[in-house]
Amino acid sequence: MGDFDFWRHQMSVANHATDEWNKEILREKQERKYPKWPNEVMLKILFGGSDYLKAPFKPQPSWRVLDVGCGFANNLVPFADIGCECHGVDLHPEMAATVQEIMDERGYKTKIQAGSNRVLPYPDGHFDLLLSVNTLHYEGNEENFLAALKEFRRVLKPGGGVYISTVGPEHEIYRRAEMLGDHRYRIRDFDFRNGEEFFFCDSERYLQHYCEQVFETVETGRSTEKLIKLPLDFLIALCR
C-alpha cells in the first residue's frame with residue numbers, strides 16, 4: 001500500500017469511527033442511558049489528596065478544568081459542583097452539541113466543543129487541570145501518543161496537572177485485540193470500535209516512560225477489577 005493509499009485508509013477508518021461514536025452518543029441520549037456519574041478512581045486520586053498521592057494536588061474552586069474526549073461530560077460534574085470553570089472537547093461538533101444539551105439539561109454550566117487529543121482549541125497555559133480518561137489510547141502509534149501528551153502540556157498553566165487513565169493489559173478490550181507491534185493493537189470482536197488501531201502502554205512502567213518525556217513529575221498507578229464476567233484494568237498517571 002502506497003503512502004497516499006495508507007493515508008486514505010486511515011482517514012476512512014477515522015471517519016467511520018467518528019460516525020459510529022455520533023450514533024452511540026445520540027442513541028444513549030435518546031434512551032437516557034448515558035453515564036451520569038464521574039469515574040470513581042479519578043475521584044479518589046484527585047479528591048483524596050494525600051491518601052493516594054505523594055504530592056497533594058487538590059482541585060480548587062478557582063480552577064479551569066478541561067476534559068479531553070469528554071464523552072457525556074460526567075467527569076466534569078464534581079469540578080462544576082465546587083465552582084470550577086469546566087470545558088470539554090470531543091471529536092465532532094455534533095457530538096459536542098449533543099453533550100452540551102445534556103449538561104445544560106442537567107443544570108451544569110460547561111462549555112463543550114469539538115477538539116481532539118492532538119488539536120485542542122485553546123491558547124497556551126489556559127488550564128489548571130486536564131482530564132484524559134480512557135481516550136489517550138485512541139492515538140494509534142507512538143508518534144501520535146507523544147504528540148497528544150505535548151498538546152496536553154501546551155494548554156496547561158505552570159504548575160498545572162494532567163490526570164490520565166488508559167487501558168491496562170488485563171482489560172477485556174486489550175485481551176481480545178490483535179497485536180500489530182510496538183504497542184500497536186487492532187480492536188476485534190468487541191464492539192463498534194472493531195478495526196480501530198489503539199496504542200496500549202502494556203504496563204505501568206511504559207506509561208511512566210512516555211509521560212516522563214513530556215512532564216517533570218509523574219506518579220503512576222493501576223486499577224484492576226473483575227465485574228463478575230468483565231475484567232477491567234486501567235493504568236493511571238498524574239503528571240505535572
Side-chain angles (χ1 to χ4, degrees), residues 17-49 51-52 57-61 63-117 120 127-138 161-168 171-173 190-193 221 223-238:
T18 300
D19 289 342
E20 292 301 314
W21 272 113
N22 267 330
K23 292 176 185 177
E24 183 66 15
I25 292 282
L26 287 170
R27 181 188 67 78
E28 292 186 40
K29 179 180 184 291
Q30 290 165 359
E31 297 178 3
R32 302 189 70 82
K33 293 182 179 179
Y34 50 82
K36 299 176 179 67
W37 299 280
N39 180 279
E40 183 180 2
V41 177
M42 179 199 76
L43 284 178
K44 289 179 178 179
I45 296 297
L46 293 177
F47 288 87
D51 291 340
Y52 298 97
F57 190 75
K58 186 176 181 181
Q60 302 297 317
W63 280 11
R64 190 179 285 147
V65 180
L66 173 64
D67 188 359
V68 180
C70 64
F72 289 96
N74 46 300
N75 289 319
L76 287 172
V77 168
F79 301 97
D81 279 342
I82 67 169
C84 295
E85 180 184 323
C86 293
H87 298 251
V89 298
D90 221 317
L91 288 173
H92 192 275
E94 184 178 349
M95 294 168 65
T98 300
V99 175
Q100 184 70 68
E101 288 177 11
I102 290 173
M103 292 303 277
D104 290 346
E105 290 171 3
R106 296 185 69 187
Y108 289 107
K109 188 177 180 180
T110 58
K111 181 177 181 180
I112 312 297
Q113 60 183 318
S116 66
N117 287 324
L120 298 174
F127 292 98
D128 300 278
L129 173 65
L130 185 148
L131 308 173
S132 173
V133 181
N134 305 331
T135 58
L136 192 54
H137 43 256
Y138 285 89
V162 175
Y163 174 80
I164 294 170
S165 173
T166 186
V167 169
H171 197 293
E172 189 69 4
I173 194 172
F190 197 74
D191 59 17
F192 65 89
R193 291 169 288 185
S223 174
T224 306
E225 55 187 336
K226 186 175 184 294
L227 302 182
I228 303 179
K229 68 175 184 178
L230 183 65
L232 299 176
D233 186 23
F234 300 98
L235 307 176
I236 55 178
L238 183 65

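On a predicted model such as this, the values are computed, not experimentally measured, just so you know.
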Atom pair [atom1] ([X]) and [atom2] ([Y]), whose distance is rounded to the nearest 0.5 Å:
{"X": "L76", "Y": "D67", "atom1": "CG", "atom2": "CG", "result": "4.5 Å"}
{"X": "L91", "Y": "N117", "atom1": "CG", "atom2": "CG", "result": "8.0 Å"}
{"X": "Q100", "Y": "M95", "atom1": "CD", "atom2": "CE", "result": "14.0 Å"}
{"X": "Y52", "Y": "L238", "atom1": "OH", "atom2": "CG", "result": "14.5 Å"}

Any idea which heavy atoms bring [X] and [Y] closest together, and the distance?
{"X": "I112", "Y": "C70", "value": "CG2-SG, 3.9 Å"}
{"X": "V77", "Y": "M103", "value": "CG2-CE, 4.3 Å"}
{"X": "V99", "Y": "G71", "value": "CG2-O, 2.9 Å"}

### Query
Residues in side chain to side chain contact (heavy atoms under 4.5 Å, CB included) with E85, at least two apart?
R64, H87
### K109, NZ atom: more than 12 neighbouring heavy atoms under 6.0 Å
no
Evaluate the side-chain proximity of [Y] to [X]: yes if any heavy-atom separation is below 4.5 Å, no if none is.
{"X": "H171", "Y": "F234", "value": "yes"}
{"X": "Y163", "Y": "L131", "value": "yes"}
{"X": "F47", "Y": "P78", "value": "yes"}

### Message
Among V133, I45, I164, T166, which residue satisfies the side chain to side chain contact (heavy atoms under 4.5 Å, CB included) criterion with I236?
### Response
I45
